[in-house]
Structures are given as structure tokens and as C-alpha cells.
Amino acid sequence: MRIGAWVARLALLAFHAGFVRPMLKLYWGARFRKANLIPAGPCLVVGNHNSHIDAALLMTLFPLGRLHRVHPVAAADYFGESWFRKTMAMVLMNGIPIARRPTPGQDPLAPMIRALERGDALILFPEGSRGEPGVVAPFRSGVGRLARSVPGLPIVPVFMSGPERTWPRGENMPLPLGIDVEVGRPRTYDPAMDPKEIAEKVREDVLALAPPPLPLPGPRPSPPIRVAVCGIDEDANRAVFEALTRRLGPIGRTVGLDRPILEADEAGVREAGGRVPLVRSTWGASLLAFVFRTGGMFRGDRFASMVAAARVDEALSDGRTARFVVSRGNALVDLLAWAEADFYRGVFDDRGLQQLTLYLSGQRKIPIRLWWEYARKAPEVWLLNTFDLAHPPVPDVVVLLTLPASRALERMRARGEDRDPYPTQEWLERLQESYRQVVGVLRRPGPVEVIVLDAEGPDPDLSAERAEEAVRRVAAVQGQAAAKADGRDGS
């Protein structure tokens with residue numbers, strides 16, 4: 001073997017063993033089902049295509065020692081545009097370049113046929129390019145012509161759920177939401193069939209591995225109504241959060257953002273799964289929290305948990321997935337209160353809230369000249385903004401649970417929480433006042449509805465009932481607005 005081929009193989013192995021596979025496992029939390037169905041010999045692995053990471057996911061189905069004989073099919077015109085793309089596709093991904101617009105007399109299938117005849121495996125996305133997230137476009141006839149050219153070729157259907165949310169086309173920053181890869185049984189197709197018919201059969205085999213689809217008829221539903229249960233006492237927040245999630249479930253499908261994430265409906269409350277996007281890895285956020293020394297209620301793993309909840313909240317943008325999203329705490333509200341109590345120290349005003357809200361929601365970047373100030377005094381805000389860790393949505397309803405700081409401190413001591421250097425009674429008093437200021441400012445411009453309740457009330461379900469009434473009011477207002485919009489559209 002030539003020295004160049006050895007170097008290319010080592011680079012391929014190092015890239016996948018040292019970067020791709022750890023990232024897929026630790027950052028994206030990718031899970032593979034029935035990967036043992038991949039044949040040992042030449043085969044064609046076919047999957048849906050929505051993301052930058054699809055080829056890497058399918059290459060992970062193969063043992064590392066076999067990667068030099070696995071080739072994703074890459075568009076020569078796109079991946080040959082620059083040296084960077086060419087290096088990524090042809091060296092680090094071991095791709096085979098194919099002309100999407102071949103010159104007369106050129107057979108674009110020839111390189112693929114030669115690779116299969118050598119005993120190699122191919123990865124092909126018959127849709128041709130990354131399409132609309134969550135939509136599997138018709139398969140092009142090339143997969144059918146390849147099946148006819150190599151009779152008896154095993155074709156392995158694969159369906160990938162999650163890449164369309166984690167890193168869709170047009171997005172620069174991936175989100176570590178869960179990815180599931182479902183592998184189907186290899187099939188062969190009668191070479192006497194028409195190529196288009198084979199392509200349609202292969203597409204049916206891929207779609208057969210997909211999770212149950214969401215209902216599509218009718219107009220696109222509004223985003224879910226988001227409810228944040230906030231306050232300085234964890235026990236009170238959790239009790240009202242659980243009671244409210246349980247009460248809203250029978251009204252409409254409800255997702256409860258906590259650890260673990262819950263979902264509720266007429267059948268009751270259970271741990272979430274299926275259609276709810278789950279963050280399976282938080283090590284990156286935990287590392288940043290450690291390096292930049294986030295503190296107090298956002299120290300270390302607490303910061304990572306907040307980021308994970310904000311990412312799921314951000315991903316739940318379609319009312320078909322959830323009618324209500326209830327969160328124990330809220331990244332936007334909590335961080336605004338934290339920044340006022342610790343960073344602004346009593347000089348918080350409407351302008352400051354607006355600026356911070358733009359930073360936290362990702363609508364505006366913190367200017368570089370202010371990086372040192374924020375990284376030193378409010379590292380939580382700076383990390384979320386600078387590293388695009390999440391863009392937490394503004395809640396529709398905020399339930400603020402108040403409690404005397406001395407009582408909250410007693411409860412924290414009973415739970416055995418660390419008091420060095422957080423919290424103290426003085427700090428808790430300042431933080432609770434900051435919550436009041438934040439929700440007061442959020443309430444004034446509308447459309448956020450705020451209810452302030454006593455955390456020492458006799459029954460969390462009574463507080464949840466008050467919160468439910470607020471949610472119903474918001475739902476009624478949204479319904480009226482949607483009806484008016486439909487009336488205008490129909491006029």
C-alpha cells in the first residue's frame with residue numbers, strides 16, 4: 001500500500017475514533033437500533049437526509065476497521081468547491097464523488113459499481129440533497145438503476161430521527177438533542193423492475209422504520225402555551241409544577257420540563273419519550289460551567305440542566321407535539337433574576353431587561369467590548385449568548401411562588417444543600433426581590449400573564465388551579481386571535 005493511502009486511512013480512523021463517534025455519543029446522545037443487520041460484505045446503506053451529520057451517523061454503523069471500505073456518495077460539484085469541503089468529504093469521510101450533471105457519455109454510477117465490485121459498502125441518500133426538516137422527499141431513480149446494475153445487491157434501509165432538529169440545513173450551530181437511528185433488514189430487488197419503481201420501494205422500506213407521524217390535516221397549530229413555575233424554594237416549585245402538569249394533561253398534551261422530563265394527557269403523567277426531543281448529553285455545558293465558574297443556582301451541573309431544559313423548550317415549537325409546556329424554573333426568567341440580583345445589583349430597569357432578553361434569546365450578541373464584564377460578573381448570560389448554547393423562549397404564563405427568605409433557607413438546610421458561598425438569607429431576599437422586578441417588567445408590555453402565589457399555601461393543587469385558570473385565559477386569547485386571523489385570510 002502506498003504511503004499516501006496509509007496516511008489517508010490513519011486520518012480517517014483518527015477522525016472517526018477521536019472526534020465523530022465520541023461527539024455522536026457524548027454530545028448528541030445518538031442511539032442505534034439493530035446495527036447488527038449491516039451485512040459483512042458489499043452493500044448499499046440508504047437513509048433519509050436532513051442534516052450535515054447524516055453520513056457520519058451511517059458510517060458509525062460500521063466497525064472502525066472497515067471504514068476504509070465504506071464510502072458515502074458525495075456530490076462532486078458541491079464538495080469539490082473548496083479544499084476544505086473536498087478534504088472533509090473525500091479524506092475524512094472517505095467519500096466517492098459523483099457528478100449530479102454528468103457530461104454526455106459519462107456514467108455517474110460507474111464509480112459506485114466499481115466500489116461494490118471490490119467488496120466495498122456505499123452510503124447513499126436518494127433524495128439527492130438535504131430537504132425540508134422531517135419530510136422524506138421522493139427518491140431519485142439512481143438507487144434503482146444501481147440495484148439493476150448490481151443484481152443481488154443488499155440494500156439496507158435506515159431511518160434517522162433527530163438530525164432534522166439538531167443540525168438542519170441553514171443552521172451553523174448544532175443542538176445536542178437526541179438522535180435515533182433505526183436499521184432495517186437488508187433487501188434485494190428484482191433487476192427486471194423499473195428503476196423508478198425500485199426507488200419507490202426503497203423509499204417505502206425507509207419510511208416503514210419511521211416513528212408514528214404527527215397529524216398533518218388542517219392549518220399549522222400555534223406554538224404551545226409555556227408556563228414557568230419560578231421562585232426561591234425548590235420544594236414549592238416542584239410541588240406546584242407537578243400538580244399543574246397533572247391538571248393540564250387532560251386539557252391537552254402537556255410536557256413537563258424537569259428531571260426527568262414528563263408528559264401528561266388523559267391517561268395520566270409519565271416519563272416522556274417518543275415525539276418529545278430529549279437532550280441526552282450535557283457534558284459540554286458542564287465543562288463550560290466549570291471553566292468559566294458559574295455560581296449559585298447555576299453552578300456546574302445545575303447550569304447544564306438549565307441549558308438542557310432550555311434546548312428542549314426551544315425545540316418544542318410545534319403545537320402538535322405539545323399543547324402546553326410547563327417548566328420548573330425558566331432559563332429566561334431565572335437568568336434575568338439572577339443577573340439583577342448578582343450583576344446589576346439594584347439598577348435593573350426596562351431598558352436593562354430588554355437588552356438582557358435580546359442577549360438570552362439570541363436576537364443580539366453581547367458586544368466584544370463587554371465580554372470581560374459579562375464573563376466575569378454574569379458568566380451564565382455570557383455563555384448562553386456567546387456559545388449559542390440555547391435560545392430560551394419567553395413564557396406565556398409565569399407562576400411566581402414567594403416565601404420568606406428565612407423559611408427558604410431553613411428548607412435548604414434541611415435538604416443539605418451547600419451554603420458556601422450560596423445561599424445566605426440576605427442573598428435569597430435580594431433574589432426574591434429580583435424575581436418580583438423581573439415579572440413586573442414582563443407583565444407590563446403584555447402578553448405575559450403573571451400570578452404571584454404564597455409558597456406556604458396549604459395545598460399545591462390550589463396554586464395549580466389558579467395557574468390553570470391563567471393558562472385557560474391565555475389559550476382563549478390565542479384562540480380568538482387565531483379565529484380573527486383565519487377570518488381575514490378567508491376574506
Side-chain angles (χ1 to χ4, degrees), residues 9 12-13 16 20-21 24 30-50 53-75 89 93-98 107-128 136-161 163 179-211:
R9 183 181 297 189
L12 178 71
L13 288 174
H16 284 266
V20 172
R21 299 195 178 193
L24 289 175
R31 294 191 301 202
F32 300 86
R33 295 194 62 205
K34 301 181 181 178
N36 60 309
L37 294 176
I38 299 294
C43 63
L44 177 65
V45 177
V46 172
N48 55 314
H49 194 25
N50 277 146
I53 60 174
D54 291 343
L57 280 166
L58 296 189
M59 290 189 77
T60 305
L61 297 171
F62 295 87
L64 284 170
R66 191 181 168 190
L67 283 189
H68 66 287
R69 305 199 70 174
V70 178
H71 310 280
V73 176
M93 293 298 293
N94 203 30
I96 289 181
I98 299 297
D107 182 7
L109 301 182
M112 292 186 275
I113 295 173
R114 288 196 296 269
L116 292 169
E117 290 174 345
R118 291 196 305 266
D120 292 355
L122 299 181
I123 292 172
L124 179 67
F125 300 107
E127 293 173 86
V136 180
F139 282 9
R140 298 184 179 182
S141 61
V143 64
R145 291 189 286 117
L146 189 60
R148 292 185 60 177
S149 300
V150 186
L153 172 67
I155 298 180
V156 185
V158 178
F159 192 90
M160 293 171 282
S161 304
I179 295 174
D180 292 288
V181 180
E182 186 84 20
V183 181
R185 293 190 175 279
R187 283 195 57 184
T188 59
Y189 298 86
D190 185 353
M193 294 170 61
D194 182 78
K196 291 184 178 179
E197 185 180 359
I198 295 176
E200 183 56 33
K201 291 289 185 183
V202 174
R203 182 174 182 269
E204 291 174 1
D205 291 338
V206 171
L207 288 174
L209 302 170

Can you sort out the partners of [X] under side chain to side chain donor-acceptor pair (under 3.5 Å), two or more places apart, ordered by chain and number?
X      : result
Arg33  : Glu182
Arg21  : none
Asp54  : His49
Arg185 : none

message: Could you work out, with salt bridge (charged side-chain N to carboxylate O under 4.0 Å, His left out) as the rule, every residue matching Arg66, not counting sequence neighbours?
response: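 Salt bridge (charged side-chain N to carboxylate O under 4.0 Å, His left out) check on Arg66 returns nothing, list empty.
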- request: Please identify each residue that fulfils salt bridge (charged side-chain N to carboxylate O under 4.0 Å, His left out) with Arg69, with sequence neighbours left out.
  value: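 By the salt bridge (charged side-chain N to carboxylate O under 4.0 Å, His left out) rule, Arg69 matches Asp120.
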Measuring from atom [atom1] of [X] to atom [atom2] of [Y], what distance do you get when rounded to the nearest 0.5 angstrom?
X     : Y      : atom1 : atom2 : value
Leu61 : Ile38  : CG    : CD1   : 4.5 Å
Phe62 : His68  : CZ    : NE2   : 12.5 Å
Asn48 : Glu127 : CG    : CD    : 6.5 Å
His71 : Ile98  : NE2   : CD1   : 11.0 Å
Met59 : Ile53  : CE    : CD1   : 14.0 Å
Leu58 : Leu122 : CG    : CG    : 12.0 Å

For [X], all residues meeting side chain to side chain contact (heavy atoms under 4.5 Å, CB included), sequence neighbours excluded:
X      : answer
Thr188 : none
Leu13  : Arg9, Leu64
Pro39  : Cys43, Pro154, Val156, Pro186
Ala56  : Val20, Met93

message: Test side-chain contact (heavy atoms from CB on, under 4.5 Å) on Met160 and Asp180; report intermediate values, then the result.
response: CA-CA 6 Å; Met160 293 171 282; Asp180 292 288; over 6 Å; no
- prompt: Is there a side-chain contact (heavy atoms from CB on, under 4.5 Å) between Phe125 and Val46 once you walk through the steps?
  reply: CA-CA 6 Å; Phe125 300 107; Val46 172; over 6 Å; no
Show the atom names and distances, to 0.1 Å, of all donor-acceptor pairs under 3.5 Å that link a side chain in residues 203-211 to residues at least two apart or in another chain.
| residue | atom | partner | partner atom | Å |
| --- | --- | --- | --- | --- |
| Arg203 | NE | Val136 | O | 3.4 |
| Arg203 | NE | Ala137 | O | 3.1 |
| Arg203 | NH2 | Val136 | O | 2.5 |
| Asp205 | OD1 | Arg187 | NH1 | 3.2 |
| Asp205 | OD2 | Arg187 | NH1 | 3.1 |
| Asp205 | OD2 | Tyr189 | OH | 2.3 |

Are [X] and [Y] packed together at the side-chain level, in the sense that at least one heavy-atom pair is separated by less than 4.5 angstrom?
X      : Y      : value
Val73  : Ile123 : no
Pro163 : Leu57  : yes
Phe32  : Thr60  : yes

- prompt: Are the side chain of Asn94 and the backbone of Val70 linked by a donor-acceptor contact shorter than 3.5 Å?
  reply: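 Yes; judged by distance alone, with no hydrogens or angles, the pair exists.
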- request: Test side-chain contact (heavy atoms from CB on, under 4.5 Å) on Arg118 and Arg114 and set out the steps.
  value: CA-CA 6 Å; Arg118 291 196 305 266; Arg114 288 196 296 269; 4.2 Å; yes
Closest approach of Leu146 to Ile113 (non-hydrogen atoms, all atoms of both residues):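 Leu146 and Ile113 have their closest heavy atoms at CD1-CG1, 3.9 Å.
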task: For Ser149 and Leu109, work out which heavy atoms get closest and say how close.
output: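 Shortest heavy-atom contact: OG-CD1, 4.3 Å.
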task: Give the intermediate values and the outcome of side-chain contact (heavy atoms from CB on, under 4.5 Å) for residues Ile198 and Lys201.
output: CA-CA 5 Å; Ile198 295 176; Lys201 291 289 185 183; 5.6 Å; no
